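Both counts, for ligands and for their atoms, begin at 1 and track the order of listing. Note that the coordinates shown come from a computational prediction; the quantities given were computed from them, not determined experimentally.
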Amino acid sequence: MDAADRPILFFDSGVGGLSIVAPARALLPDARFVYAADSAGFPYGTKSEGEIAARVPALLGRLAERYRPRLIVIACNTASTIALPAVRSALDLPIVGTVPAIKPAAAISKTRTIGVLGTDATLRQAYVDDLAQRFAADCTVLRHGSAALVELAEAKLRGEANDPAAYRAVLAGLFDQPGGAAIDVIVNACTHFPLVEDELATAAPRPVVFVDGGPGIARRIAFLTAGQSWRRTGGDVAVFTALTDRERALAPALAARAFSTIEAL
Ligand code: DGL
């Protein structure tokens, strides 16, 4: 494969990584992307550290062999906070991870009260405590883990109708905590959540600003690939570890993001 043909590979358990693809496309319109979703392992957020650590590096190894990416983006907070060091040591490629955007949130919070929405698996990582201590030491940082919100984002991209009450119930998990009424910034610390940001904003009991890692990751990818040449003919590929009707229902959402071919790993 010619160097100019080598894609950037985005990896997530499901469609969440598409929230990272969007700002990356805006910065790199000529780049070839492969979108890989571990639908056979979805969801990650309710799995143990051991299960994720065993699964992700091996899977990325197979994907790297098949698609020869020039760079891999782990577009998943859960996989990144648990498996990033293992992936980096297993693969001889630049690997960009996704970590909760607590630093930019702390930079803009006026009430000094930040909500962090993520998966349960992400929010229990010491990595998150460390980010809060380093970048938001003067803030109250309230966390809420939601597997339901991951499912809502998947359903939205399959074109299914979502109940606004479901979003209010998720946000109650943050705003009903002691001190939660003061939250003015929410970190979307799961890549699925920016996909339902409009629904979350509508359901929020007070105006809030949402932040996520997407724009920062896009800048990082642009920096790491600066000066490289690209050849992109036709649409891009989305690949699933299990390809059933559930994944096929995502075809319109994928095509709208230029992933016109869907295949199984
Ligand atoms: N999108 C993933 C994340 O950023 C996890 C979703 C899941 O599989 O639970 O954490």
Side-chain angles (χ1 to χ4, degrees), residues 9-24 35-57 59-60 63 72-84 86-87 95-102 104-105 115-128 131 143-158 162 166 170 173-174 186-197 199-200 210-218 220 238-242 244 246-247 250 253-254 257 265:
L9 188 137
F10 293 79
F11 175 82
D12 183 34
S13 57
V15 294
L18 293 173
S19 71
I20 310 287
V21 164
Y35 189 80
D38 183 13
S39 44
F42 173 90
Y44 279 3
T46 51
K47 290 197 163 44
S48 70
E49 282 73 358
E51 286 172 292
I52 292 165
R55 194 165 181 94
V56 174
L59 205 45
L60 282 171
L63 287 161
I72 290 178
V73 182
I74 304 183
C76 172
N77 290 262
T78 310
S80 298
T81 53
I82 293 171
L84 191 56
V87 172
I95 313 286
V96 176
T98 309
V99 295
I102 290 175
V116 183
L117 281 177
T119 65
D120 284 326
T122 295
L123 295 185
R124 65 172 179 258
Q125 299 310 311
Y127 198 99
V128 180
L131 287 174
R143 307 176 193 189
H144 178 61
S146 177
L149 197 50
V150 175
E151 293 291 349
L152 284 165
E154 291 276 331
K156 178 182 173 182
L157 267 71
R158 285 194 301 266
N162 274 340
V170 170
L174 276 181
I186 291 180
V187 180
N188 276 327
C190 166
T191 53
H192 278 72
F193 301 169
L195 300 172
V196 289
E197 194 171 301
E199 289 83 349
L200 287 169
F210 291 88
V211 296
D212 66 84
I217 291 171
R220 181 81 188 137
V239 56
F240 291 89
T241 53
T244 67
R246 223 177 132 82
E247 290 73 38
L250 296 165
L254 289 165
R257 292 162 174 84
L265 181 66

Under-4.0 Å heavy-atom contact with ligand 1, by part of T191 that carries it: both

Backbone N/O of G45 and side chain of T78: donor-acceptor pair under 3.5 Å: no

Atom 5 (C) of ligand 1: the protein heavy-atom neighbour that sits closest, reported with distance to 0.1 Å: T78 OG1, 3.7 Å

Close approach, G14 and ligand 1, non-hydrogen under 4.0 angstrom: no

T119 N/O to ligand 1 N/O under 3.5 Å: no

Atom 9 (O) of ligand 1 - nearest protein heavy atom and its distance: G45 N, 2.8 Å

Salt bridge (charged side-chain N to carboxylate O under 4.0 Å, His left out) between E151 and R246, worked out: CA-CA 12 Å; E151 293 291 349; R246 223 177 132 82; 3.4 Å; yes

Reference residue L117; test side-chain contact (heavy atoms from CB on, under 4.5 Å); the match among L174, L123, D212: L174

Mode of S13 contact toward ligand 1 - side chain, backbone, both, neither (heavy atoms, under 4.0 Å): side chain

Ligand 1-proximal atoms of N77, by part, heavy-atom distance under 4.0 Å: both

Close side-chain approach of N77 to T191, heavy-atom, < 4.5 Å: yes

Within-4.5 Å side-chain heavy-atom neighbours: L254 and L18: yes

V150 side chain near F193 side chain, heavy-atom distance below 4.5 Å: yes

Where ligand 1 meets D12 - atom numbers and elements under 4.0 angstrom, heavy-atom basis: 1 (N), 2 (C)

